Structure formats: C-alpha cells, structure tokens
Participant: 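The structure is given below, and queries will be raised subsequently.
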There are 2 protein chains.
Amino acid sequence: MKKTRNTRQRGVILDILQETREHPTAEKIYQDARRVIPNISLGTVYRNLNFLQDQGLVREIRPCDGGSTRFDGVLDSHAHFHCTRCGALLDISLPQGFEQLQLNKMDGISMISSIDLHIIGECSNCSEEGSGSTH
Amino acid sequence: MKKTRNTRQRGVILDILQETREHPTAEKIYQDARRVIPNISLGTVYRNLNFLQDQGLVREIRPCDGGSTRFDGVLDSHAHFHCTRCGALLDISLPQGFEQLQLNKMDGISMISSIDLHIIGECSNCSEEGSGSTH
DNA sequence: GTAATTGCAAAAGATTTGCCCCATT
DNA sequence: AATGGGGCAAATCTTTTGCAATTAC
C-alpha cells in the first residue's frame, strides 16, 4: 500500500475535529482551518476528511433533516441527538440497556460493524424559549 | 392553510413508495413513475416527496455511507440495516428491548419525536459469497 | 374560474476531480 | 529525487426554484 505523509493540512483538520464536539460541516472545518493555514483549499479539506474516514479516525454523520454532512472526531461510542428547531447536533450517552440489546442474528444480517442511534426531537434550550425562536 | 389536490403524479409516487421495501432514491422513483406517467418530471418527484414528507406519509433515510437520500413509505416502526458491501438498505425489526430503553430526560433533550436506529455491517448474501463480490 | 400543481430548464449547493506545482520523506 | 499531497478551478451530482401552462376542484 502507498505511504501517507504527515502534512500540516491533515494535522490541522484532524485537530479541529478532535477538539470540538460541534460536529462541524466541511465548510466550517475549512473556515476554522483557514485561521491556521490561510490558503488551505476546500478541496483539500474534503480530500482529507475522506482520507481520515478511511483511516477510521473520523466519521461522518448525515443529519436526518437534510443539510450537509457533518463530521465527528470523537470516537467513544455515543448517540446523536438532532434538534428539529435549532438544528443542533449533540452527542448524548447511549441509553441504559443499549449495549445489551439483542442485535445479532436478526433478519439477514451476518456481521455488524457499527450501530448508529439518532434521536430526533427538541433540545431543552429550544423548549425553554417557548414556541417562537428558531435558535 | 391551503388546499391540496389529488394529482395523478402524487398518487403514483405514493403508491410506488408504499408498495416497495426497497427504499428507492428520488431518481429511482422518477424512473418507476415514468413507466406510468411518461412525461412526469424529476422536479415534480422531488416536490412531491417533500410534500408527502411534510404530511407524514413518507420519510427519508440518509444512508450513513453517503449516496443520495432514500425514501421509505412503510411507516411501521422498524430499524434499517445498511450493507457496506452491496449497499443494500434493508428494513429490520427493532431489537428486543428497544422500546423499553430509557430514552427520556437524557442530557439536554426535552422532547423526542422519533428515533432512528441504523445498523451498519454485512448482509448474509454478501457474506455467503465469500470476500469477493460487490453485489 | 381559481389557485394548486406540473414540466421544463436554469440555478443552487455540496462534493469530487484533473492538472500542475510544491513539500515531505 | 521521488512522489504523495496541495491549490485552484472546472466538472459532477443532487436537489431546489422560477415561470408559464395545465388541471383538479
């Protein structure tokens, strides 16, 4: 297999993802990265995100309610909560009993590599504000 | 609120979605619909998919592994299995005990409207075929 | 008759890719 | 020096939208 190089761009992108729990989009990562490497290009960001995903260092989350792909650099197992009002995408702990679910041998499944749990609803912030605000 | 009309296009699209468990993409629905209404347009398909979603008659599934949005017209609660080899997206039953999970009051969540469970792995078909095939 | 809906084509986004140059090893 | 990776811009793909014509009610 071919050798990979440690470029500044790649390092910065990975750092950004590992230091936030905001699940940024590629565009947001691009903007953050430009504060460090002003002439980094969006194409490079995408190429590295794909690369890091292939390496298993990062994973992508596709918001259930449309919008662009977001990325997650925190690999502890956790679920995601999507707020339909403000669009927030939050890490949440796996519900009690989740690990014990009978997951194997279901239907036509022969091997499970990962399980994604997405909870869609309203976050406390939005609910506290009554029915008006959109963020 | 404004009145809605029962157009042939809308009916055909809904039928297609309710009669399959294949979770077609908009493009696939468009192709199927053209066999019935040869000059239906892709724009109409998208407009109706969004409309049907707003009505709660259909929901969209965003494949975790990229690719375009797929649609589901079967509303019984079920989970989805994504095969990383052949790309199949299958309905599966919710695992035992799933309904009893402690889901409320977690972290900053104040209201839950739906829960999506996606299982990623390999389907039996692909595994039986050994390690070669891509479908 | 009226307004919701369609078809078509253009526009808008998001992501990928080709090409040539630069920088890591 | 060799070649993986970057920058830039064009290309691709998916989805949305404006508008005039059509059709359900």
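Every value quoted in this text rests on a predicted model; they were computed, and no experiment measured them. Below, chain A is the first sequence line, B the second, and so on; all start at residue 1.
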Participant: In this structure, are over 12 heavy atoms from other groups packed under 6.0 Å from A:E22 atom CD?
Facilitator: no
Participant: Under 4.5 Å between any side-chain heavy atoms of A:F98 and B:L117, yes or no?
Facilitator: yes
Participant: Below 4.5 Å, heavy atoms only, C-beta onward: do A:D116 and A:I61 meet side chain to side chain?
Facilitator: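 No - every pair of side-chain heavy atoms lies 4.5 Å or more apart.
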Participant: Round to the nearest Å and state the distance from A:I40 atom CD1 to D:dA9 atom P.
Facilitator: 16 Å
Participant: Under the side-chain hydrogen bond (donor to acceptor under 3.5 Å, both in side chains) definition, can you give me all pairs with a residue in residues 11-21 of chain B, not counting sequence neighbours?
Facilitator: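 Every side-chain hydrogen bond (donor to acceptor under 3.5 Å, both in side chains) pair that includes a residue of residues 11-21 of chain B, provided the two are not neighbours, is B:R21-B:D91.
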Participant: Between the main-chain N or O of B:I120 and the side-chain N or O of A:S114, is there a donor-acceptor pair closer than 3.5 Å?
Facilitator: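 No; judged by distance alone, with no hydrogens or angles, the pair does not exist.
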Participant: Identify, residue by residue, the members of residues 10-17 of chain A with a heavy atom below 4.0 Å from DNA chain C, and return them in order of residue number, or none.
Facilitator: none
Participant: Specify the angle, to 10°, made by the local axes at the two ends of the helix from C:dG1-D:dC25 to C:dT25-D:dA1 when five pairs are taken at each end.
Facilitator: 40°
Participant: Is any side-chain N or O of B:N48 closer than 4.0 Å to OP1 or OP2 of C:dT6?
Facilitator: yes
Participant: On the 0 to 90° scale, with breaks at 30° and 60°, tag the A:H80-A:H23 ring pair as parallel, tilted or perpendicular.
Facilitator: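 A:H80 and A:H23: perpendicular rings.
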Participant: Looking at A:T7, I'd like to know whether one of its side-chain N or O atoms comes within less than 4.0 Å of OP1 or OP2 on D:dG4.
Facilitator: no
Participant: Which residue is it: A:T4, A:N48, A:T44? I am looking for the one with a side chain to side chain donor-acceptor pair (under 3.5 Å) to A:R10.
Facilitator: A:N48
Participant: CZ of B:F51 versus C1' of D:dT16: gap in Å, rounded?
Facilitator: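 Spelled out: CZ on B:F51 to C1' on D:dT16 is 17 Å.
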Participant: Taking only the side-chain nitrogens and oxygens of A:Q9, find out if one of them lies under 4.0 Å from OP1 or OP2 of C:dA23.
Facilitator: no
Participant: What's the CD-C1' distance between B:Q31 and D:dT14, to the nearest Å?
Facilitator: 14 Å
Participant: Using the test side-chain hydrogen bond (donor to acceptor under 3.5 Å, both in side chains), find all partners of A:R70 that sit at least two apart in sequence or belong to another chain.
Facilitator: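 Per chain and number, A:R70 pairs via side-chain hydrogen bond (donor to acceptor under 3.5 Å, both in side chains) with no residue.
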Participant: Whether B:S41 contacts C:dC8 is assessed here as follows: a side-chain N or O lying under 4.0 Å from the phosphate OP1 or OP2. Is that the case?
Facilitator: no
Participant: For residues B:L57 and B:L75, report the shortest heavy-atom separation together with the two atoms involved.
Facilitator: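 Looks like O-CD1, 3.7 Å.
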Participant: Using the test side-chain hydrogen bond (donor to acceptor under 3.5 Å, both in side chains), find all partners of B:D32 that sit at least two apart in sequence or belong to another chain.
Facilitator: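 Partners of B:D32 under the side-chain hydrogen bond (donor to acceptor under 3.5 Å, both in side chains) test: B:K28.
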Participant: Can you tabulate the close N/O pairs, meaning under 3.5 Å, that link protein atoms to atoms of nucleotides 15-19 of chain C?
Facilitator:
residue: C:dT15; atom: OP1; partner: A:T69; partner atom: N; Å: 3.4
residue: C:dT15; atom: OP1; partner: A:T69; partner atom: OG1; Å: 3.0
residue: C:dT15; atom: OP2; partner: A:Y46; partner atom: OH; Å: 2.3
residue: C:dT15; atom: O5'; partner: A:Y46; partner atom: OH; Å: 3.3
residue: C:dT16; atom: OP2; partner: A:N50; partner atom: ND2; Å: 3.0
residue: C:dG18; atom: O6; partner: A:R47; partner atom: NH1; Å: 3.2

Participant: Give the rounded distance in Å between these two atoms: CD1 of A:I37 and C1' of C:dC22.
Facilitator: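 These atoms are roughly 14 Å apart.
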Participant: Within this structure, what is the OH-to-P distance between B:Y30 and C:dT6, rounded to whole angstrom?
Facilitator: 14 Å
Participant: Is there side-chain contact between B:S77 and B:L94, with heavy atoms separated by less than 4.5 Å?
Facilitator: yes
Participant: What is the distance, to the nearest angstrom, from the CG atom on A:N6 to the C1' atom on C:dC22?
Facilitator: 17 Å
Participant: Want to settle it: does B:R5 or A:T4 sit nearer the 5' end of DNA chain D, counting the closest nucleotide to each?
Facilitator: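 The residue closer to the strand's 5' end, by nearest nucleotide, is A:T4.
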Participant: Assign the ring pair A:H118 / B:H118 to parallel, tilted or perpendicular, where the plane angle (0 to 90°) is split at 30° and 60°.
Facilitator: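 A:H118 vs B:H118 ring planes: perpendicular.
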Participant: Round to the nearest Å and state the distance from B:R8 atom CZ to D:dT22 atom C1'.
Facilitator: 15 Å
Participant: How many Å lie between CD on B:Q53 and P on D:dT16, as a whole number?
Facilitator: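 After rounding, the gap between these two atoms is 9 Å.
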